[in-house]
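Single-structure report; data block below.
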Amino acid sequence: MAREQQQGGPARRQVVKFTFFRVDPAWRRLPAEERERTKSELCAAVESYGDRLLIRSYSLVGMRGDADFLLWQIGDRLEDAQELTTAVFSTAMGPYLSVPHSYLAMTRRSIYVPSTSLRTGSPEEGGGPASRTVIAPTEAKYMFVYPFVKTRDWYKLPKETRQAMMDEHIAVGRRYPSVKLNTTYSYGLDDQEFVVAFETDEPADFLDLVMELRETEASAYTLRDTPIFTCIAMGLREALDTLGAPGDAAIRRTAEQLAEAGGWARVAAVEDLPGGAAAVVYFRGDQVALFNLEGRIYALGNRCSHANGPLVEGAVEGGCVTCPYHGSRFDLA
């Protein structure tokens, strides 16, 4: 962490967890009312961690036979991901859940900096100080996830040789702007070296991208890049409904759930945000920056629209917050 700061990189690095759940077929044989109760309890448990983790849910029903849904978790502490899993297994649906696949990783800046001709200034391509240290999920419909391991011969190559191969790799990726890559690092944390997650609205573009990447020189140094998971983005309630138990489609949400959907959700305590303070919270899968300016609380999306800079770390003056990365200003009101 100290080394990152000395090199000018941001101090903040995120914990990233991919937990794939499988539902026991016995759950489908429960009475419809019981299934509805277990789903509601599970959703409530996951939503209760929305103030400390950015959580995105995906269905894999029909995509794979060994996993039914994914919880993609992004946060600051290992303990939060652990406690969320404990909470999930403590629900009434917990006895019917297993975890066939689980991947743990963290963000960090890449050591491969694109050549000048490849840079665009975007964090994903090494052009900004937030490069790969902060995950900013898109609203893409699909995500493709897999663990990744390089051969040991890769690490024996000179840095310049590896950089040249990565330049080719990056150049191929730039030909598919509809596909966003999230690279996370697992060295020493898990069995793999990387976990990669590609977000896109066009599965065909991802297929073509992977085919083209197979022809690059760096591909020869891939030891393992399976299993591959095709995930469809949707709310957790919707993902659970895709499990396809008899009668579930006819059951409506409870009045309490309907009220919550159109009402308020607790994200922080007022006493934890004194005058002049700022904090980041999570609300329904998004990061929100809170500012206490002269006793009035302001809330806005935490990510700068220019380069995803963390606005919560910006200076506040004259009722505006300035992005710490490129100086963009946003009116808090």
Side-chain angles (χ1 to χ4, degrees), residues 17-75 80-81 83-102 137-145 197 199 201 229-267 281-288:
K17 184 70 167 59
F18 301 84
T19 307
F20 294 87
F21 292 93
R22 186 173 188 273
V23 179
D24 191 317
W27 176 84
R28 294 183 177 87
R29 295 192 288 271
L30 294 174
E33 294 77 9
E34 180 66 12
R35 291 196 305 269
E36 183 65 17
R37 183 180 73 84
T38 61
K39 289 191 289 187
S40 296
E41 194 171 316
L42 176 60
C43 290
V46 173
E47 290 170 3
S48 71
Y49 280 78
D51 61 342
R52 68 193 86 169
L53 288 168
L54 196 164
I55 306 171
R56 291 293 175 91
S57 53
Y58 299 81
S59 175
L60 286 87
V61 172
M63 301 297 105
R64 284 187 69 97
D66 56 353
D68 293 313
F69 66 95
L70 161 67
L71 294 182
W72 183 22
Q73 308 146 57
I74 304 163
D80 291 331
E83 292 170 9
L84 171 62
T85 303
T86 299
V88 167
F89 283 128
S90 298
T91 66
M93 197 167 183
Y96 299 96
L97 298 176
S98 60
V99 179
H101 302 280
S102 174
T138 69
E139 298 299 323
K141 183 63 177 176
Y142 307 102
M143 186 167 73
F144 301 88
V145 180
E199 297 176 87
D201 288 319
F229 303 89
T230 296
C231 311
I232 303 176
M234 60 184 69
L236 181 56
R237 164 67 59 157
E238 186 180 1
L240 295 177
D241 286 344
T242 66
L243 294 170
D248 282 4
I251 299 177
R252 295 185 178 183
R253 296 187 179 184
T254 64
E256 180 181 351
Q257 290 170 318
L258 288 172
E260 182 180 355
W264 296 85
R266 184 184 185 279
V267 294
V281 298
Y282 296 99
F283 178 69
R284 294 179 181 171
D286 292 318
Q287 286 192 15
V288 178

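Basis for what follows: all heavy atoms, side chains included, without hydrogens, waters or symmetry-related copies.
Atom CG of residue Leu70 and atom CD1 of residue Ile55 lie 11.5 Å apart, to the nearest 0.5 angstrom. Distance CG/Asp68 to CH2/Trp27: 9.5 Å, rounded to 0.5 Å. Remark: Leu243 CG to Phe69 CZ distance equals 7.5 Å, nearest 0.5 Å. Between the CD1 atom of Ile74 and the CG atom of Leu53 there is a distance of 9.0 Å, given to the nearest 0.5 Å. Distance check, rounded to the nearest 0.5 Å: CZ of Arg35 to CG of Leu240 gives 12.0 Å. The distance from atom CG of Asp51 to atom CG of Asp80, rounded to the nearest 0.5 Å, is 8.5 Å.
With no hydrogens or angles considered, no side-chain donor-acceptor pair links Ser59 and Glu238 at under 3.5 Å.
Using a 4.5 Å cut-off on side-chain heavy atoms (C-beta onward), Lys17 and Leu84 make no contact. Residues Trp72 and Pro137 are in side-chain contact: their nearest non-hydrogen atoms beyond the backbone lie under 4.5 Å apart. No side-chain heavy atom of Tyr58 sits less than 4.5 Å from a side-chain heavy atom of Val145. Residues Lys39 and Arg237 are in side-chain contact: their nearest non-hydrogen atoms beyond the backbone lie under 4.5 Å apart. Put simply, the side chain of Phe89 reaches to within 4.5 Å of the side chain of Phe21, judged on heavy atoms. For the pair Tyr142/Ile232, a side-chain contact is recorded, criterion being any heavy-atom separation below 4.5 Å from C-beta on.
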I'd like to know whether Leu97 forms a side-chain contact (heavy atoms from CB on, under 4.5 Å) with Val23, so could you lay out the CA-CA distance, the side-chain angles of the two residues, the decisive distance to 0.1 Å, and finally the verdict. CA-CA 5 Å; Leu97 298 176; Val23 179; 3.7 Å; yes
Is there a side-chain contact (heavy atoms from CB on, under 4.5 Å) between Val267 and Val288 once you walk through the steps? CA-CA 10 Å; Val267 294; Val288 178; over 6 Å; no
For Phe144 and Thr230, run side-chain contact (heavy atoms from CB on, under 4.5 Å): C-alpha distance rounded to whole Å, both residues' side-chain angles, the deciding distance at 0.1 Å, then the answer. CA-CA 5 Å; Phe144 301 88; Thr230 296; 3.5 Å; yes
Could you walk me through whether Glu33 and Arg37 pass salt bridge (Lys or Arg N to Asp or Glu O under 4.0 Å), step by step? CA-CA 6 Å; Glu33 294 77 9; Arg37 183 180 73 84; over 6 Å; no
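Classified by interplanar angle (parallel below 30°, tilted 30° to 60°, perpendicular above 60°), the ring pair Phe229/His101 is perpendicular.
One N or O on the side chain of Ser57 and one on the backbone of Leu236 form a donor-acceptor pair closer than 3.5 Å. Arg22 places no side-chain N or O within donor-acceptor distance of the main-chain N or O of Ser98, the cut-off being under 3.5 Å. Judged purely by atom type and a 3.5 angstrom limit, Thr91 has no side-chain atom pairing as donor or acceptor with the backbone of Ala87. Proximity of a side-chain donor or acceptor of Tyr49 to a complementary backbone N or O of Glu83 within less than 3.5 Å is detected. Checked by atom type and distance alone, the side chain of Glu199 never pairs as donor or acceptor with a backbone atom of Ala140 at under 3.5 Å.
In plain terms, the two heavy atoms of Ser102 and Val99 that are nearest each other are CB-CG1, 3.8 Å. When all heavy atoms of Ala197 and Met143 are compared, the pair lying nearest together is CB-SD, 3.8 Å.
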